[in-house]
Visitor: 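Right, I'll just put the structure down here and ask away after.
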Amino acid sequence: MDQRVNGERPEEYDPQKTEDKWQQRWRDQGTNVTDIRGAADPYYALMMFPYPSAEGLHVGNLFAFVGNDIYGRFQRLQGHNVFEPFGYDAFGIHSENYALSVGKHPSTLIPQNIANFERQVKRAGLMIDWTHSLATTDPDYYKWTQWVFLQLLKKGLAYKKQAAVNWCPSCKTVLANEQVIGGRCERCETPVEQRSLSQWFFKISDYAPRLLANLDHLDWSESTKTAQRNWIGRSEGAEIAFPVATSEGDEVIRVFTTRPDTIFGATYMVLAPEHPLVEKLTTPDHQAVIDAYLERTGKQDLVTRKTSTEKTGVFTGSYAINPATGQRIPVWIADYVLMEYGTGAIMAVPAHDDRDFEFAMLFGLPIVRVVCAEGDDPTADFSTPFTGGDDAKLVNSGRFDGLSVEEAKRAIVGMLAEKGAAKPLVNFRLHDWCISRQRYWGPPIPIIYCDVCGAVPVPEKDLPVVLPYVEDFKPDDSGVSPLARHEDWYHVACPQCGARGRRETDVSDTFLDSAWYFLRYPSVGLDDVPFDNNLTKKWLPVDTYIGGNEHAVLHLLYSRFVTMVLHDMDYLDFEEPYVKFRAHGLIIRNGAKMSKSRGNVVIPDEYIATWGADAFRGYLMFLGPFEEGGDFRDASISGVRRFLDRLWASVLTAVERNDGPTPAADSTEVARKLHQTIKKVGDDIPRLSYNTAIAAMMEYMNVLRRGERVPRREEVEPVVQLVAPFAPHIAEELWERLGHSGSIFDARWPAFDPALVADERLELVIQVNGKTRGRVHVARDIGQDAAVAAALAEESIAKFLSGPVPRKIIFVPGRLLNLVG
RNA sequence: GCUCGGGUGGCGAAACCGGUAGACGCAAGGGACUUAAAAUCCCUUGGGGGAAACCCCAUGCGGGUUCGAUCCCCGCCCCGAGCACCA
């Protein structure tokens, strides 16, 4: 080493040794245990808990955890009592499918996986309070998951209905809408079929307006909020009644439309195949065709239905009356109209809707144009529907001709409303949350069916309904959970009347487990309440939440919903669970997605063994912006490791240094850089701009080590503190060697001197006609006239001006001077 | 198709409010140390021109606004993620 002081080779940095030592000490001294009851200044830094897979911790998980850990450690250095808990989302289809594939029971596999995860997470040096960890599979935990179900039931927000549900023929279970991706099962990609089963639902749709409105006030990643807005899917429009033409009764077809202004162009109607009026409206001569169509569409799986672009449909033989024109229009059935949205029926306006246009062209139905762009000929032929345009005006619409689209919407709904034929309506795409799973590995839904009393909730005092050990937990085609095979468990007395009863055999969706876990963490260990009132007041809502955007619409929406319900039932005094949420980016490997099949998955253990946890953490944070993710390249880790090596060497030499004179000018430059770095890192961490924070520290080390000078203690000590959130082990070790006792995380973040942050001399950029032509050294507070004089004094700058004096001067104090001329 | 990101050297990236484009790091080349190698340290490194001082070009493409555009506006192209017949 160049910087050795007395000729001896300084001790080399040995990450394994340092990291073992400090992990041991943290454990022994309870460094990371939060004073849950006594904390004066609580800060809840939460990361999404993982599903403990058999493969172990993925580098993507670790990326998220480290990002949160840095944030949490930084908050602690600011003086907060930081609570950074960890747990496992251990129930669910992933675990069960894996257990099936290796022929073992999940109740033996999951504890193994958790032990492995815990080892890996500890090796990474996260500031986790292990005295408050949980697994959703603990009866102590799912007791309260069942309790949450009972609260929703009590509030009238849980109900059972026979419904067409998404059925995965491979996993042999019902899937929530969110688990169906492009018509396929999100786990196994098998095309999803429709099945009719009796299922438990949560009325999340009742909360749609609030779930949407609150988003405006949340400090969340914008991309996540957008995803939720789209998922909730608010549309403003009107419900309009079309009387059926031939019926002697007063049958009407109700439709939802966002374009009531186009009603004069509604030339036919379409019902979804499952629409209840189909039977009534089918005329005898069309019966055979309709039956054949229903037979065909009923059997279709979701992939065919959702990916086929071709329109199909049949005429019922019946007509309805367009309430605007009074004309008879045919009523068709087609599967491009969905029963789940709106009323399951539409008025078709082929001239102004892509789908209706395609359908009308295919079946030769009339197309009437009722909206035109300004100056267009309404009678001209057209080959594509006209769906919008700011200057659009109504035509062929009687007394509404000439109105703009917005005016016409109001006027036409107003006119129809007077006749009782329409009302303004807001629709949401968000469907109720189906929580029933005909599977084994989940918390049993706490319901008992009694022949006398019907569906009876299990009394809260009898919770948990323990998931019994079932040797053969393989799901089958019956649509009944494997739990029904456990006779002793299945048969039970009715808690109300004592008559013979049977347990509900479905378990609940994994997303219910994770919808409330953040409420439990502070209260882990308490068995008489799901969450203690005082602890909840102290710690919640969560201060910062970090996780992946893959949960933007699933977990994050459900946990908001459950929190709102518990708030409405006076269990919580807040209705939004996460004050601040940031979605981290995705890590790819050498430009490609990581996947097992590509064989390019980064296993953290190997890298940590080679480079040390601190260097690995640092590299993960350095490879790209935290919120955007980045490209993991093996060769690049050495850069961060070299930085730590240099920090180590510099601190050791500074400690050994015999204090001699340091050139004044030099140390001033170092001091300025140091204070600028303290400011920069302190600004960057709260913005999650970890990559630039690390770059700033590297830059400082480069300045510090320039030339032959030996660094002074006060020049390295603050850097050790800055680096602590990123590389906690080496920071602790160096802190100790600098003569401190106790954890560096019980010290305070260093302050910077504002006077040193600002350079006194300024390199003013001189532009001529917007092009940089030079820079001059001037006093920081130089005025415009002096700056211009200084610039013109430079021949290399003045020569670019066409005349002796600039025509125009733009002066940005402290930044630049632009001379035009 | 719709929504949201993104496109900057050989590579990962930076530029925070419209003001020095490429910080920091990797890789590469050269040098020092070494019997040698590794490690370490120092130097060079967007492209083109020039002996040099310097000059020109350059942030996916084409326009525009501006004294000045990676940044704002209009029109395209490409990549990624999500949603997808939602009336």
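All values below come from the heavy atoms of this structure, side chains included, with hydrogens, waters and symmetry mates left out. If you're wondering where the values come from, they're calculated on a predicted model, not measured in any experiment.
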Visitor: What do you reckon, is CD1 of A:Ile588 surrounded by more than 12 foreign heavy atoms closer than 6.0 Å?
Guide: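 Counting other residues, nucleotides and ligands, CD1 of A:Ile588 exceeds 12 neighbours.
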Visitor: N/O contacts under 3.5 Å, protein versus nucleotides 43-50 of chain B?
Guide:
none

Visitor: Given the P atoms of B:A69 and B:C78, what is the spacing between them in whole Å?
Guide: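 Approximately 28 Å lies between the P atom of B:A69 and that of B:C78.
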Visitor: Answer syn or anti for B:G68, where the cut-off is 90° from 0 on the glycosidic torsion.
Guide: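 Anti.
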Visitor: Categorize A:Ala635 for me: base, sugar-phosphate, or nothing, with a 4.0 angstrom heavy-atom threshold over every strand shown.
Guide: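 Sugar-phosphate contact only - A:Ala635 comes under 4.0 Å of backbone atoms but never of a base.
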Visitor: Please give, in whole Å, the distance from B:C4 P to A:Arg229 CZ?
Guide: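 Going from A:Arg229 (CZ) to B:C4 (P), I get 11 Å.
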Visitor: I need the CG-C1' distance between A:Asp645 and B:C41, as an integer number of Å.
Guide: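 About 14 Å, once rounded to whole Å.
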Visitor: Just by distance, with hydrogens left out, do A:Asn549 and A:Ser223 show a side-chain donor and acceptor under 3.5 Å apart?
Guide: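 Result is yes, a qualifying pair exists.
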Visitor: Any side-chain N or O of A:Arg642 less than 4.0 Å from the OP1 or OP2 oxygen of B:C26?
Guide: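 For B:C26, OP1 or OP2 has a side-chain N or O of A:Arg642 closer than 4.0 Å.
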Visitor: Using a cut-off of 4.0 Å between protein heavy atoms and nucleotide atoms, how would you tag nucleotides 10-24 of chain B 5' to 3' with B, S and -?
Guide: -SBSS-B--BBS-BB
Visitor: Taking the nucleotide of RNA chain B with the closest heavy atom to each, which residue, A:Thr343 or A:Glu222, is nearer the 5' end?
Guide: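 It is A:Glu222, whose closest nucleotide lies nearer the 5' terminus.
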Visitor: Less than 3.5 Å apart, any donor N or O on the side chain of A:Asp432 or A:Ser205 sitting next to an acceptor on the other?
Guide: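 There is such a pair between these side chains.
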Visitor: If you measure from the Lys or Arg side-chain nitrogens to the Asp or Glu carboxylate oxygens, is any gap between A:Arg687 and A:Asp684 under 4.0 Å?
Guide: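 Yes, A:Arg687 and A:Asp684 are salt-bridged.
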Visitor: Describe the nucleic acid contact of A:Asp353 in one word from base, sugar-phosphate, nothing, applying a heavy-atom distance below 4.0 Å.
Guide: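 Since no nucleic acid heavy atom lies under 4.0 Å of A:Asp353, the category is nothing.
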Visitor: Whether A:Arg641 and A:Asp614 form a salt bridge (side-chain N of Lys/Arg under 4.0 Å from carboxylate O of Asp/Glu) is what I want to check.
Guide: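 Result for this pair is no, no salt bridge flagged.
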Visitor: Roughly how many Å apart are B:G64 and B:G18, using the C1' atom of each and rounding to a whole number?
Guide: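 Comparing C1' positions in B:G18 and B:G64 gives a spacing of 15 Å.
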Visitor: Roughly how far apart, to the nearest Å, are B:U20 and B:G47 at atom P?
Guide: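 Between the two P atoms, the distance is 22 Å.
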Visitor: Are A:Tyr619 and A:Phe632, when compared by the centres of their aromatic rings, separated by less than 6.0 Å?
Guide: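 Yes, they do, as the ring centres are separated by less than 6.0 Å.
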Visitor: Tell me if a side-chain donor or acceptor on A:Lys225 pairs with a main-chain N or O of A:Leu218 at a distance below 3.5 Å.
Guide: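 Here the side-chain-to-backbone pair exists.
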Visitor: Looking across every strand, which nucleic acid part, if any, lies under 4.0 Å from A:Arg807 by heavy atom: base, sugar-phosphate, or nothing?
Guide: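 Nothing, no heavy atom under 4.0 Å.
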Visitor: Rounded to the nearest Å, what distance is computed from the CD atom of residue A:Glu11 to the P atom of nucleotide B:A39?
Guide: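 That distance rounds to 22 Å.
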Visitor: Provide the distance between the two C1' atoms, one in B:C17 and one in B:C71, to the nearest whole Å.
Guide: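 Result for the C1' pair: 10 Å, nearest Å.
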Visitor: In whole angstrom, give the distance that lies between atom CZ of A:Phe643 and atom C1' of B:U40.
Guide: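 That distance rounds to 17 Å.
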Visitor: Provide the distance between the two P atoms, one in B:G31 and one in B:G50, to the nearest whole Å.
Guide: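 The same atom, P, in both gives a distance of 26 Å.
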Visitor: Which nucleotide, in any strand shown, forms a Watson-Crick or G-U wobble pair with B:G18, with both distances under 3.5 Å?
Guide: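 With both distances under 3.5 Å required, B:G18 matches none.
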Visitor: Report the base-pairing partner of B:U66 (Watson-Crick or G-U wobble, both distances below 3.5 angstrom), or none.
Guide: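 Per the H-bond distance test, none.
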Visitor: Using atom NZ of A:Lys311 as one end and atom C1' of B:A84 as the other, report the distance to the nearest whole Å.
Guide: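 That distance rounds to 12 Å.
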Visitor: For B:C17, measure the glycosidic angle (O4'-C1'-N9-C4 for a purine, O4'-C1'-N1-C2 for a pyrimidine) and name it syn if it falls within 90° of 0, otherwise anti.
Guide: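 What B:C17 shows is a syn base, its glycosidic angle lying within 90° of 0.
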Visitor: At less than 4.0 Å, is any side-chain N or O atom of A:Arg646 found next to OP1 or OP2 of B:A39? Yes or no.
Guide: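 Answer no for this pair, as no side-chain N or O of A:Arg646 is under 4.0 Å from OP1 or OP2.
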Visitor: Given atom CZ of A:Arg706 and atom P of B:C42, what is their separation to the nearest angstrom?
Guide: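 After rounding, the reported distance stands at 11 Å.
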Visitor: What is the pairing partner of B:A36, taking Watson-Crick or G-U wobble pairs with both distances under 3.5 Å in any strand?
Guide: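 For B:A36, the partner nucleotide comes out as none, under the 3.5 Å rule.
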Visitor: Calculate the interatomic distance between A:Arg429 atom CZ and B:U3 atom P; express it in whole Å.
Guide: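 One finds 13 Å between P of B:U3 and CZ of A:Arg429, rounded.
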Visitor: Salt bridge check: are A:Arg259 and A:Asp353 linked by an N-O gap of less than 4.0 Å?
Guide: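 No, A:Arg259 and A:Asp353 are not salt-bridged.
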Visitor: I'd like the C1' distance from B:G68 over to B:C54, given in whole Å.
Guide: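 B:C54 and B:G68 have their C1' atoms separated by 23 Å.
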Visitor: Less than 6.0 angstrom separating the ring centers of A:Phe511 and A:Trp433, yes or no?
Guide: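 No, they do not, as the ring centres are separated by 6.0 Å or more.
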Visitor: When the C1' atoms of B:C16 and B:U70 are compared, how many Å lie between them, rounded to an integer?
Guide: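 It comes out at 14 Å once rounded to the nearest Å.
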Visitor: Does the structure show a Watson-Crick or G-U wobble partner for B:C4, both distances under 3.5 Å? Name it, or say none.
Guide: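 Result: B:G80.
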Visitor: Can you tell me the base-pairing partner of B:C41? Count Watson-Crick or G-U wobble geometry only, both distances below 3.5 Å, and say none if there is no partner.
Guide: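 When the pairing criteria are applied, B:G31 turns out to be the nucleotide that pairs with B:C41.
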Visitor: Expressed as a whole number of Å, how far does the C1' atom of B:A32 sit from that of B:A38?
Guide: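 Between the two C1' atoms, the distance is 16 Å.
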Visitor: For A:Arg815, I'd like to know if atom CZ has over 12 heavy atoms of other residues, nucleotides or ligands within 6.0 Å.
Guide: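 12 or below, so no.
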Visitor: In whole Å, I'd like the distance from the OH atom of A:Tyr268 to the C1' atom of B:A87.
Guide: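 In whole Å, B:A87 C1' and A:Tyr268 OH are 11 Å from each other.
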Visitor: Using a strict cut-off of less than 4.0 Å between a Lys/Arg side-chain nitrogen and an Asp/Glu carboxylate oxygen, indicate whether A:Lys673 and A:Glu699 qualify as a salt bridge.
Guide: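 A salt bridge is present here (some side-chain N lies under 4.0 Å from a carboxylate O).
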Visitor: Would you say A:Arg234 has more than 12 foreign heavy atoms packed within less than 6.0 Å of its CZ?
Guide: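 Count over threshold, so yes.
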Visitor: Can you tell me the pairing partner of B:C54 across any strand shown, Watson-Crick or G-U wobble, with both distances under 3.5 angstrom?
Guide: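 For B:C54, the partner nucleotide comes out as B:G49, under the 3.5 Å rule.
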